[in-house]
Participant: 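Below are the structure tokens for one structure; questions will follow.
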Amino acid sequence: MKSLPDLFSNNEKWRHEIEERHPGFFKALGEQQNPEYLWIGCADSRVPANEVVGMMPGELFVHRNVANLVNHTDLNLLSVLQFAVDVLKVKHIMVVGHYGCGGVKASMEDEPHGLIDNWLRQVRELYLRNRKNLAGLDDQACLDKMCELNVARQVINVSNTTVVQEAWRRDQALTIHGWIYGIGDGHLRDLDIQIQDNSELRTLETDEYDSCSG
């Protein structure tokens with residue numbers, strides 16, 4: 001007897017609905033994977049990547065972790081990134097944060113949270129660099145701004161990976177984007193952060209996206 005029968009029932013309903021709307025969909029899906037996009041997002045269950053951008057299975061390659069971080073020692077993320085860029089030849093990488101992110105909020109608190117503090121260390125450092133500038137904002141505005149700053153920082157981190165640097169060196173078309181999602185309204189916002197080569201990366205770094213003073 002299956003455990004969690006409702007989930008299996010939902011799966012049956014879902015796959016039949018897909019097949020009715022798109023006959024042969026799963027057969028074609030099983031034969032190839034050819035997405036043009038890699039989504040690096042937060043693991044928060046309220047941010048379903050495919051649904052947010054209205055894409056079907058197979059159209060969006062996805063990696064998710066707490067606070068949508070790009071750490072240069074994270075072999076899981078780097079493996080996904082390399083497969084997406086070198087094998088799938090994605091043309092766009094979207095770093096997508098969300099307002100009200102629990103990981104970002106935890107990094108701003110002056111109290112220990114256990115193991116997760118190690119993972120969030122770079123966000124904590126980002127917050128400390130901006131703490132004085134953020135002091136004039138109320139709690140919600142402060143968190144929102146930190147979520148945006150974190151996205152910007154991760155866009156820079158993606159762009160500086162050896163995978164992306166090698167892709168640009170061989171003139172592979174690849175653009176990195178910074179977006180943020182509003183859980184309360186379902187609105188996906190473009191933060192106007194876009195990098196497609198090293199000259200744009202250097203400009204972004206010079207503009208100090210680590211700073212909230214702009």
Participant: Tell me whether Tyr127 shares a hydrophobic cluster with Trp119, the cluster being built from Ile, Leu, Val, Met, Phe, Trp, Tyr side chains joined at under 4.5 Å.
Facilitator: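 Cluster IDs for Tyr127 and Trp119 match.
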
Participant: Quick one: does Gln165's side chain have a donor or acceptor within less than 3.5 Å of a partner on Ser159's backbone?
Facilitator: yes

Participant: To the nearest 0.5 Å, tell me how far Asp197 CG sits from Asp171 CG.
Facilitator: 10.0 Å

Participant: Show the nearest heavy-atom pair for residues Val104 and Met146, with the distance to one decimal.
Facilitator: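 Heavy atoms only, the tightest pair is CG1-CB, 3.7 Å.
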
Participant: Check for me, please, whether Val52 and Leu191 land in the same ILVMFWY cluster - side-chain distances under 4.5 Å, paths through other members count.
Facilitator: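 No, no single cluster joins them.
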
Participant: Do Asn130 side-chain atoms and Asn133 backbone N/O form a donor-acceptor pair below 3.5 Å?
Facilitator: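 Checking the backbone N and O of Asn133 against the side chain of Asn130, no donor-acceptor pair under 3.5 Å is found.
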
Participant: Is there side-chain contact between His63 and Asn76, with heavy atoms separated by less than 4.5 Å?
Facilitator: yes

Participant: Just by modelled atom types, is the Thr73 backbone N or O under 3.5 Å from a matching donor or acceptor in the Asn71 side chain?
Facilitator: no

Participant: Is there a side-chain contact between Val151 and Val96, using heavy atoms and a 4.5 Å cut-off?
Facilitator: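 A side-chain contact under 4.5 Å is absent here.
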
Participant: Tell me whether Asp190 contacts the main-chain N or O of Trp179 through its side chain, where contact means a donor paired with an acceptor under 3.5 Å.
Facilitator: no

Participant: Is a donor on one side and an acceptor on the other found under 3.5 Å between the side chain of Trp168 and the backbone of Leu174?
Facilitator: yes

Participant: Show the nearest heavy-atom pair for residues Glu19 and Phe26, with the distance to one decimal.
Facilitator: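 What the structure gives for the nearest pair is OE1-CD1, 3.4 Å.
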
Participant: Spell out, yes or no, whether Met94 and Val90 are grouped together once hydrophobic residues are joined by side-chain heavy atoms under 4.5 Å, including indirect joins.
Facilitator: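 In one cluster: no.
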
Participant: Below 4.5 Å, heavy atoms only, C-beta onward: do Cys142 and Met108 meet side chain to side chain?
Facilitator: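 Cys142 vs Met108: side chains touch.
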
Participant: Passes side chain to side chain contact (heavy atoms under 4.5 Å, CB included), Leu60 versus Val53? Steps please.
Facilitator: CA-CA 9 Å; Leu60 188 68; Val53 289; 4.1 Å; yes

Participant: Only pairs at least two apart or in different chains count here, so list each ring-ring contact (aromatic ring centres under 6.0 Å, His included) that has a residue in residues 73-96.
Facilitator: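 Every pair satisfying ring-ring contact (aromatic ring centres under 6.0 Å, His included) with a residue in residues 73-96: Tyr37-His92, Phe61-Phe83, His92-His177.
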
Participant: Write down the atom of Leu38, the atom of Val62, and the distance for their closest heavy-atom approach.
Facilitator: CD1-N, 4.3 Å

Participant: Supply the atom-to-atom distance Ile93 CD1 to Ile176 CD1, rounded to the nearest 0.5 angstrom.
Facilitator: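 Separation between the atoms: 3.5 Å.
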
Participant: Do Glu109 and His113 have side-chain atoms, one donor and one acceptor, less than 3.5 Å apart?
Facilitator: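 Side-chain D/A pair, Glu109 to His113: present.
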
Participant: When clusters are formed by joining ILVMFWY residues with side-chain heavy atoms under 4.5 Å apart, either directly or through shared neighbours, do Leu126 and Val66 land in the same one?
Facilitator: yes

Participant: How far apart are the closest heavy atoms of Val155 and Gly178, and which atoms are they?
Facilitator: CG2-CA, 3.7 Å

Participant: Do Gln122 and Asn157 get their side chains close enough for a donor-acceptor pair, meaning under 3.5 Å?
Facilitator: yes

Participant: For the atom pair CG (Asn150) and CG (Asn68), what is the distance rounded to the nearest 0.5 Å?
Facilitator: 5.5 Å

Participant: Scan for side-chain hydrogen bond (donor to acceptor under 3.5 Å, both in side chains) pairs involving residues 38-48, sequence neighbours excluded, and state none if there are none.
Facilitator: Asp44-Arg46

Participant: If you round to the nearest 0.5 Å, how far is NZ of Lys91 from OG1 of Thr175?
Facilitator: 10.5 Å

Participant: Work out which heavy atom in Gly103 is nearest to a heavy atom in Leu120; give both atom names and the distance.
Facilitator: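 Between these two residues, the closest heavy atoms are O-CD1, 3.3 Å.
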
Participant: Are Asp110 and Arg131 within salt-bridge range, i.e. N to O under 4.0 Å?
Facilitator: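 Counted as a salt bridge, because a side-chain N and a carboxylate O are separated by less than 4.0 Å.
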
Participant: Say you draw a straight line from CD of Gln194 to CD of Glu200; how long is it, rounded to the nearest 0.5 Å?
Facilitator: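 Reported to 0.5 Å precision, the distance equals 7.0 Å.
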
Participant: Hey, could you give me the CD1/CG distance between Ile180 and Leu149, rounded to the nearest 0.5 Å?
Facilitator: 9.5 Å

Participant: Salt bridge (Lys or Arg N to Asp or Glu O under 4.0 Å) with Lys13: which residues, sequence neighbours excluded?
Facilitator: none

Participant: Okay, side chain of Arg124, backbone of Ser107: is any donor-acceptor separation there less than 3.5 Å?
Facilitator: yes

Participant: Give the cluster check for Ile40 versus Leu88: same hydrophobic cluster or not, with ILVMFWY residues linked at side-chain heavy-atom distances below 4.5 Å.
Facilitator: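 Linked, Ile40 and Leu88 end up in one cluster.
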
Participant: Please report the closest heavy-atom contact between Gly100 and Asp144, naming both atoms and the distance.
Facilitator: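 Answer, listing the atom of Gly100 first, then Asp144: N-OD1, 4.3 Å.
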
Participant: Give the C-alpha distance, both sets of side-chain angles, the deciding distance and a yes or no for side chain to side chain contact (heavy atoms under 4.5 Å, CB included) between Asn198 and Arg202.
Facilitator: CA-CA 6 Å; Asn198 274 317; Arg202 302 307 169 224; 3.7 Å; yes

Participant: What do the steps show when you test Val85 against Glu166 for side chain to side chain contact (heavy atoms under 4.5 Å, CB included), and what is the final call?
Facilitator: CA-CA 10 Å; Val85 173; Glu166 286 297 322; over 6 Å; no

Participant: Just checking, is any N or O donor in the side chain of Tyr99 or Gln140 under 3.5 Å from an acceptor N or O on the other one?
Facilitator: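 No, no side-chain donor-acceptor pair sits under 3.5 Å.
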
Participant: Between Glu12 and Leu7 (side chain of the first, backbone of the second, donor and acceptor by atom type, cut-off under 3.5 Å), is there such a pair?
Facilitator: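 No; judged by distance alone, with no hydrogens or angles, the pair does not exist.
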
Participant: Using 4.0 Å as the upper bound for N to carboxylate O, is an ion pair formed by Lys105 and Asp139?
Facilitator: no

Participant: Is it the case that the side chain of Glu59 and the backbone of Met56 share a donor-acceptor pair, with hydrogens and angles ignored and the cut-off at 3.5 Å?
Facilitator: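 Confirmed, Glu59 side chain pairs with Met56 backbone.
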
